[in-house]
Amino acid sequence: MGIRISPSILNCDFSQLTAELDKISNADWAHVDVMDNHFVPNLTMGAPIVEAISRVSPIPIDTHLMIEDPDRWAPTFVEAGAQSVTFHAEATQAPLRLARELRAMGARAGLAVKPATAIEPYLEILDEFDMILIMTVEPGFGGQSFIKSMMPKVERTCEAVRKSGLDVWIQVDGGVSRSTIEHAAKAGADTFVAGSAVYRSPDTHAEIDALRSLASAHVH
Ligand code: DX5
Ligand code: ZN
């Protein structure tokens, strides 16, 4: 099983986007947090900025849509160049239809759940997704503390993926750092978002390598 590191650019220096993306060129994906100030109390960017990011990014774009009405907006992020589009279970009206639409456009489709949302209803439709994102903070801001009590949810998701035989990635996002990544890897996550841990480091490339090797040590 592979390990993927997807640094979040939420707290990077947006006036130096090209340089900031080069700082994570040894990662697998660039995690781009889209917030609409309705689904979460923060506002970031829309598809035109994602399109600009995708033009200069050395690695593929993993969009995390924290927006209302993803059924309407998510496809525009595929058009903007995102190779993976993750929308929230709490926000969509029709998760199957939307996942199928994203896949038909050639993107990977991801489903995200907030900390208080159960994953069980979605385990029945795992085959419709390429990735499940288990949030390990309340979405909205970088720099929050990892919620370790989400690990049983990661374990149950991992178990369901294993039973299904499908290649569905399990992503964790929020508070992932050298001191927390092993908990998530042990629970069965394989795709790790880390924002402040990477961008606050004086050596982002070394930080990404360190996170990858810590996680790899626990992959089963
Ligand atoms: C939070 C975002 C995260 C955030 C992670 O709502 O979805 O991707 O940027 O940042 P850290 O790693 O600092 O918690
Ligand atoms: Zn995110």
Side-chain angles (χ1 to χ4, degrees), residues 4-14 17 20-21 23-24 27-46 49-50 53 57 59-68 70 73-74 77 82-92 107-117 129-151 153-154 169-185 189-202 204 207-208 210-212 214-215:
R4 288 155 291 267
I5 305 292
S6 185
S8 164
I9 63 165
L10 183 61
N11 291 318
C12 82
D13 178 355
F14 281 102
L17 254 184
E20 293 291 88
L21 285 159
K23 283 186 185 172
I24 59 166
D28 302 280
W29 293 81
H31 183 88
V32 177
D33 290 301
V34 175
M35 306 187 188
D36 67 351
N37 198 34
H38 291 275
F39 184 71
V40 288
N42 196 3
L43 181 65
T44 58
M45 67 190 83
I49 304 294
V50 172
I53 292 169
S57 179
I59 50 177
I61 305 297
D62 162 32
T63 46
H64 175 195
L65 306 185
M66 286 158 276
I67 60 173
E68 286 183 357
W73 295 108
F77 291 88
Q83 285 91 335
S84 176
V85 176
T86 298
F87 56 89
H88 267 267
E90 304 86 355
T92 178
R108 296 178 58 87
L111 183 81
V113 287
K114 298 204 284 185
T117 302
F129 300 99
D130 298 292
M131 185 165 80
I132 301 293
L133 165 51
I134 309 288
M135 289 302 300
T136 44
V137 296
E138 284 290 357
F141 303 93
Q144 304 180 77
S145 301
F146 184 80
I147 304 173
K148 200 179 166 194
S149 58
M150 292 299 110
M151 294 308 96
K153 196 195 281 191
V154 174
W169 298 355
I170 302 175
Q171 186 175 62
V172 284
D173 180 9
V176 174
S177 68
R178 289 192 200 206
S179 54
T180 58
I181 195 166
E182 292 171 279
H183 301 306
D190 54 26
T191 307
F192 304 87
V193 177
S196 44
V198 169
Y199 276 99
R200 280 186 201 153
S201 167
T204 50
E207 192 65 29
I208 290 162
L211 290 170
R212 187 182 278 118
L214 282 170

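Numbering starts at 1 and runs along the sequence shown. Predicted model, so just to flag it, every value in this text is computed and none were measured. Atoms within a ligand are numbered from 1 in the order they appear, just like the ligands themselves. The figures here come from the full heavy-atom set of this structure, side chains too, leaving out hydrogens, waters and symmetry mates.
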Any donor and acceptor pair, going by atom type alone, linking the side chain of [X] with main-chain N or O of [Y] inside 3.5 Å?
| X | Y | result |
| --- | --- | --- |
| E20 | D13 | yes |
| D130 | A109 | yes |
| Q171 | V193 | no |

Atom pair OH/CG of Y199 and L10 - distance to nearest 0.5 Å: 10.5 Å
Would you check if there is a donor-acceptor pair between the side chains of D33 and S8 at a distance under 3.5 Å? yes
Looking just at side-chain N and O atoms, do R108 and S84 make a donor-acceptor pair shorter than 3.5 Å? no
Excluding waters, which protein N, O or S atoms are within less than 2.8 Å of the Zn ion (ligand 2)? H31 NE2, D33 OD1, H64 ND1, D173 OD2
Taking only residues two or more places apart in sequence, or in another chain, which ones meet H31 in a ring pair (Phe, Tyr, Trp, His ring centres under 6.0 Å)? H64
Any heavy-atom pair between the side chains of H88 and M66 that's under 4.5 Å? yes
Any residue meeting side-chain hydrogen bond (donor to acceptor under 3.5 Å, both in side chains) with S145, in chain and number order, not counting sequence neighbours: none
Short N or O contacts of ligand 1 with protein, under 3.5 Å, listed by atom name?
unit_1: ligand 1; atom_1: 6 (O); unit_2: G140; atom_2: N; d: 2.7
unit_1: ligand 1; atom_1: 7 (O); unit_2: D33; atom_2: OD1; d: 3.0
unit_1: ligand 1; atom_1: 7 (O); unit_2: H64; atom_2: ND1; d: 3.2
unit_1: ligand 1; atom_1: 7 (O); unit_2: D173; atom_2: OD2; d: 2.9
unit_1: ligand 1; atom_1: 8 (O); unit_2: H31; atom_2: NE2; d: 3.3
unit_1: ligand 1; atom_1: 8 (O); unit_2: D33; atom_2: OD1; d: 3.1
unit_1: ligand 1; atom_1: 8 (O); unit_2: D33; atom_2: OD2; d: 2.9
unit_1: ligand 1; atom_1: 8 (O); unit_2: D173; atom_2: OD1; d: 2.7
unit_1: ligand 1; atom_1: 8 (O); unit_2: D173; atom_2: OD2; d: 3.0
unit_1: ligand 1; atom_1: 9 (O); unit_2: S8; atom_2: OG; d: 2.9
unit_1: ligand 1; atom_1: 9 (O); unit_2: D33; atom_2: OD2; d: 3.1
unit_1: ligand 1; atom_1: 12 (O); unit_2: G195; atom_2: N; d: 2.7
unit_1: ligand 1; atom_1: 13 (O); unit_2: G143; atom_2: N; d: 2.8
unit_1: ligand 1; atom_1: 13 (O); unit_2: S196; atom_2: N; d: 3.0
unit_1: ligand 1; atom_1: 13 (O); unit_2: S196; atom_2: OG; d: 2.5
unit_1: ligand 1; atom_1: 14 (O); unit_2: G175; atom_2: N; d: 2.8

